[in-house]
Protein chains: 2
Amino acid sequence: MQKQETLSKNQKIILDLIEKSDQPLKAYSILFDVKKKGINAPLQVYRALNKLVKIGKIHKIESRNAFIACKNSKCQIANATIFSICESCEDVTEIHDHKLSEHLRDFKDNKGMKYNKYNLEFFGLCKKCV
Amino acid sequence: MQKQETLSKNQKIILDLIEKSDQPLKAYSILFDVKKKGINAPLQVYRALNKLVKIGKIHKIESRNAFIACKNSKCQIANATIFSICESCEDVTEIHDHKLSEHLRDFKDNKGMKYNKYNLEFFGLCKKCV
DNA sequence: TAACGCTGTGTAATAATATAACATATTTAA
DNA sequence: TTAAATATGTTATATTATTACACAGCGTTA
Ligand SMILES: [Zn+2]
Ligand SMILES: [Zn+2]
Ligand SMILES: [Zn+2]
Ligand SMILES: [Zn+2]
């Protein structure tokens with residue numbers, strides 16, 4: 001059974017918006033969109049985003065400074081994300097590959113590090129842009 | 001034989017600085033350090049950084065907005081980077097793992113994307129910080 | 001009940017990261 | 001030897017993110 005987090009008002013508003021988009025949204029574009037709902041300041045957005053990232057509802061696409069809803073129930077637990085990013089149209093897709101995830105989860109370096117999270121971004125050209 | 005790029009004056013100054021550090025440097029800390037060498041503006045730093053990233057001499061640690069010298073002759077060709085990052089002391093290490101690299105290089109999604117690059121960041125606690 | 005810790009809200013100010021636009025110089029290659 | 005490509009220098013500005021402070025709501029527990 002998944003732990004069900006209770007989201008606050010601002011967190012709900014911002015998660016709703018991100019879930020409605022199938023592509024990553026940037027913090028200040030989110031801010032612009034939620035002004036009509038009474039969220040006025042960057043910090044209100046960043047606080048909600050940070051929380052949503054922490055509980056795995058959304059992910060940050062680090063190379064793009066943008067946020068996308070999680071489409072993969074498993075990475076909520078594993079703290080692990082894999083994305084493919086088209087460098088032409090900027091289309092972003094969350095990748096769900098059991099074998100690859102397993103390989104990454106099981107990876108051990110030779111320095112004795114304890115991993116609890118990873119983030120992988122593939123870049124290239126999507127079918128439309130090739 | 002590796003293609004030997006000829007670096008410009010600013011590029012050399014900035015690469016030198018980054019290579020002397022075994023940890024990632026941030027753009028504005030680089031700017032501060034190279035002011036004595038006559039580099040005065042952020043854009044001069046970013047232009048050199050972008051070029052150095054492009055030719056594989058340095059990598060950007062996306063989750064940290066910082067730049068580190070490449071320690072792995074192979075990723076210059078493969079456009080592929082793997083790092084481990086300690087979330088406590090922020091120590092960053094470039095990982096050089098043949099099996100993992102192969103696995104990632106050979107990864108194919110089911111959307112027909114053509115990959116030419118990837119960036120993987122592992123997070124956790126290093127031996128000292130556990 | 002009252003005190004406390006925890007999480008969230010609201011607001012203003014500011015810090016940190018990165019790019020646009022323009023003028024000019026230097027190197028490379030046809 | 002002219003044109004294209006790459007690099008420089010400078011000013012201004014855009015974009016992304018955090019600090020600091022005051023306070024509200026909620027559940028725990030003394
Ligand atoms: Zn996910
Ligand atoms: Zn595309
Ligand atoms: Zn490298
Ligand atoms: Zn550490």
Side-chain angles (χ1 to χ4, degrees), chain A residues 3-18 21 23-68 85 87 90 92 119 121 123, chain B residues 3-18 21 23-68 85 87 90 92 119 121 123:
Chain A
K3 182 177 155 194
Q4 187 55 47
E5 297 275 351
T6 310
L7 297 179
S8 75
K9 175 179 138 279
N10 288 1
Q11 288 159 12
K12 265 182 220 133
I13 291 170
I14 286 172
L15 178 57
D16 265 12
L17 183 67
I18 296 174
S21 166
Q23 287 299 303
L25 298 178
K26 309 207 122 207
Y28 277 74
S29 115
I30 291 169
L31 175 59
F32 179 87
D33 286 344
V34 297
K35 283 219 160 132
K36 53 186 96 100
K37 304 245 180 184
I39 295 177
N40 298 300
L43 190 48
Q44 295 176 290
V45 173
Y46 280 105
R47 284 198 281 227
L49 289 173
N50 291 341
K51 179 66 188 287
L52 293 169
V53 166
K54 204 169 162 192
I55 65 177
K57 293 287 189 187
I58 65 173
H59 302 301
K60 182 172 187 182
I61 310 297
E62 291 287 357
S63 66
R64 299 299 186 259
N65 300 315
F67 300 85
I68 193 168
I85 302 169
E87 290 186 298
E90 290 293 321
V92 172
N119 177 27
E121 297 179 7
F123 304 91
Chain B
K3 183 176 154 196
Q4 187 54 47
E5 298 274 352
T6 310
L7 298 179
S8 75
K9 175 178 139 280
N10 289 0
Q11 289 159 12
K12 265 183 220 136
I13 291 170
I14 287 171
L15 179 57
D16 264 13
L17 183 69
I18 296 174
S21 165
Q23 288 300 303
L25 299 178
K26 309 207 122 206
Y28 277 74
S29 115
I30 292 169
L31 174 59
F32 179 86
D33 285 344
V34 298
K35 282 218 162 133
K36 52 184 97 97
K37 305 244 179 186
I39 295 176
N40 298 300
L43 192 47
Q44 294 176 289
V45 172
Y46 280 104
R47 285 198 279 227
L49 289 172
N50 290 342
K51 179 66 190 287
L52 292 169
V53 165
K54 204 169 162 192
I55 65 177
K57 293 287 189 188
I58 65 174
H59 302 303
K60 182 171 187 183
I61 310 297
E62 292 287 358
S63 66
R64 298 299 186 260
N65 300 315
F67 300 84
I68 193 168
I85 302 171
E87 291 186 297
E90 290 293 321
V92 171
N119 177 28
E121 297 180 5
F123 304 91

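Letters A, B, ... mirror the listed sequences (proteins, then strands); counts begin at 1.
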C/dA18 base / B/Y28 side chain donor-acceptor hit below 3.5 Å: yes
Sidechain-backbone polar pair: B/K37 side chain, B/I14 backbone, donor-acceptor under 3.5 Å: no
Whole-Å distance separating the CG atom of A/L7 from the C1' atom of D/dG25: 17 Å
Spatial distance of atom CD1 (A/I85) from atom CZ (A/F123) [nearest 0.5 Å]: 4.0 Å
Euclidean distance, atom CD of residue B/E62 to atom C1' of C/dA18 [Å, nearest integer]: 12 Å
Contact under 4.0 Å: B/N65 side-chain N or O vs C/dA18 OP1/OP2: yes
Short side-chain to backbone donor-acceptor contact, B/N40 and B/G38, under 3.5 Å: yes
Where A/Q23 and A/E90 come nearest, the two heavy atoms and their spacing: OE1-O, 3.5 Å
Inter-end axis angle, the helix from C/dT1-D/dA30 to C/dA30-D/dT1, with every axis fitted to five base pairs (rounded, 10 degrees): 30°
Contact list for DNA chain D against residues 40-50 of chain B - heavy-atom distance below 4.0 Å: B/N40, B/A41, B/L43, B/Q44, B/R47
Rounded distance (Å) that lies between atom C1' of C/dA12 and atom CD1 of A/I39: 18 Å
Point-to-point distance, once rounded to the nearest 0.5 Å, from CD1 of A/I18 to CD1 of A/I58: 4.0 Å
Donor-acceptor contact present, side-chain B/E121 to main-chain B/I61, <3.5 Å: no
Nearest atoms (heavy-atom pairs only) where A/Q11 meets A/T6: OE1-O, 4.4 Å
side-chain N/O B/K26 vs C/dT17 OP1/OP2, d < 4.0 Å: yes
Euclidean distance, atom NZ of residue B/K51 to atom P of C/dT27 [Å, nearest integer]: 14 Å
Residues B/I39, B/I30; criterion side-chain contact (heavy atoms from CB on, under 4.5 Å); working and verdict: CA-CA 10 Å; B/I39 295 176; B/I30 292 169; over 6 Å; no
Check: B/R64 main-chain N/O paired with B/K26 side-chain donor or acceptor under 3.5 Å: yes
Whole-Å gap separating P (C/dA16) and CG (B/L31): 13 Å
Gap between atoms CZ and P, on B/F67 and C/dT17 respectively (whole Å): 10 Å
Separation of D/dT15 P from A/K60 NZ (nearest whole Å): 16 Å
Separation of C/dG10 C1' from A/K35 NZ (nearest whole Å): 14 Å
Shortest non-hydrogen separation from B/L49 to B/A27 and the atoms involved: CD1-CB, 4.0 Å
Neighbours of DNA chain C within residues 8-15 of chain A, by heavy-atom distance under 4.0 Å: A/S8, A/K9, A/N10, A/Q11
Rounded distance (nearest 0.5 Å) linking atom NZ of B/K57 with atom NZ of B/K12: 11.5 Å
